Student: 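The structure's right below; bear with me while I get my questions together.
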Amino acid sequence: MKIFENLQRVAAAVAVDELAGGTFGERVKNAGIAAVMGGISSQQWRDYMALFADNADQLRLLTTPAETDPSYMAQSRAYIVTNSICGTITGTRTHLNVERAIDDNLSDADDGSVTKPFPVPPI
């Protein structure tokens, strides 16, 4: 799956889980807070971004800034992590203000190399 699709899937899973009285949105929010507090080089950042990556290249893009990054990457990374912090109160729309071009030139194949910090409930 593409990064942007994973962002949308997590947002939908938060909404569905909240209606069912679940805690998935709180888990995403707490992971986002830990990522912000730890910073982009931290394991907490890597764990949080793993929610939205299905292969090593996607995770690298979300966790490792490079001089060759498109200009929108810094902003997209920032929005991905901060969009979750409001939690279920605002719908945890993790995809808001993230450039769809984030997936340009990336495979959407799940290569099994990314371990999610917790499962994303089905929607």
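Numbers here are sequence positions counted from 1. Remember, it's a predicted structure, so these values are computed and weren't measured experimentally.
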Student: So which of K116, R9, K2 actually passes salt bridge (charged side-chain N to carboxylate O under 4.0 Å, His left out) with D54?
Tutor: K116

Student: When you compare the side chain of V16 with that of P121, does any pair of heavy atoms fall below 4.5 Å?
Tutor: no

Student: Is a side-chain N or O of D108 found less than 3.5 angstrom from the main chain of M1, in a donor-acceptor match?
Tutor: no

Student: Under the 3.5 angstrom rule, does the side chain of D69 hit a backbone N or O of P65 as a donor-acceptor pair?
Tutor: no

Student: Can you establish whether the number of heavy atoms outside N105 located under 6.0 Å from its atom CG is more than 12?
Tutor: no

Student: Tell me the closest heavy-atom pair linking V81 and Y48, and the distance in Å.
Tutor: CA-CE2, 3.5 Å

Student: Just how far is it from atom CZ of R100 to atom CD of E5, taken to the nearest 0.5 Å?
Tutor: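 If we round to the nearest 0.5 Å, R100:CZ and E5:CD are 8.5 Å apart.
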
Student: Are there over 12 heavy-atom neighbours, none belonging to R77, within less than 6.0 Å of that residue's CZ?
Tutor: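 Atom CZ in R77 is packed in, count exceeds 12.
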
Student: Would you say D47's side chain and A31's backbone share a donor-acceptor pair under 3.5 angstrom?
Tutor: no

Student: Measuring from atom CE of M73 to atom OG1 of T64, what distance do you get when rounded to the nearest 0.5 angstrom?
Tutor: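 Spacing of CE (M73) from OG1 (T64) equals 10.0 Å.
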
Student: Regarding N30 and E26, is there a side-chain donor-to-acceptor distance under 3.5 Å anywhere?
Tutor: no

Student: Start with the C-alpha gap between V120 and F24, add the side-chain angles, then the distance that decides, and say whether side chain to side chain contact (heavy atoms under 4.5 Å, CB included) holds.
Tutor: CA-CA 8 Å; V120 177; F24 180 65; 4.0 Å; yes

Student: I need the minimum non-hydrogen distance between S84 and G32, along with the two atoms involved.
Tutor: OG-CA, 3.6 Å

Student: Hey, are the side chains of D57 and L61 touching, using non-hydrogen atoms and a 4.5 Å cut-off?
Tutor: no

Student: Taking side chain as C-beta onward, heavy atoms only, is Q58 less than 4.5 Å from V114?
Tutor: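 SC-SC contact between Q58 and V114 ruled out.
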
Student: Which heavy atom of G38 sits nearest to which heavy atom of Q44, and what is that distance?
Tutor: CA-OE1, 4.4 Å

Student: Hey, does V28 have a side-chain heavy atom less than 4.5 Å from the side chain of F118?
Tutor: yes

Student: Which atoms form the tightest heavy-atom contact between T82 and V36, and what is the distance?
Tutor: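 Closest heavy-atom pair between T82 and V36: CG2-CG2, 4.5 Å.
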
Student: Compare all side-chain heavy atoms of I3 with those of L62 and state whether any distance is below 4.5 angstrom.
Tutor: yes

Student: Contact between I102 and I80 at the side-chain level, heavy atoms closer than 4.5 Å - yes or no?
Tutor: yes

Student: Looking only at heavy atoms, what is the nearest atom pair of S107 and A109, with distance?
Tutor: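 It is OG-N, 3.0 Å.
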
Student: Following the transitive rule for hydrophobic clusters with a side-chain heavy-atom cut-off under 4.5 Å over Ile, Leu, Val, Met, Phe, Trp and Tyr, establish whether V14 and L19 coincide in one cluster.
Tutor: no

Student: Do side-chain atoms of S113 reach the backbone of A56 as a donor and acceptor pair under 3.5 angstrom?
Tutor: yes

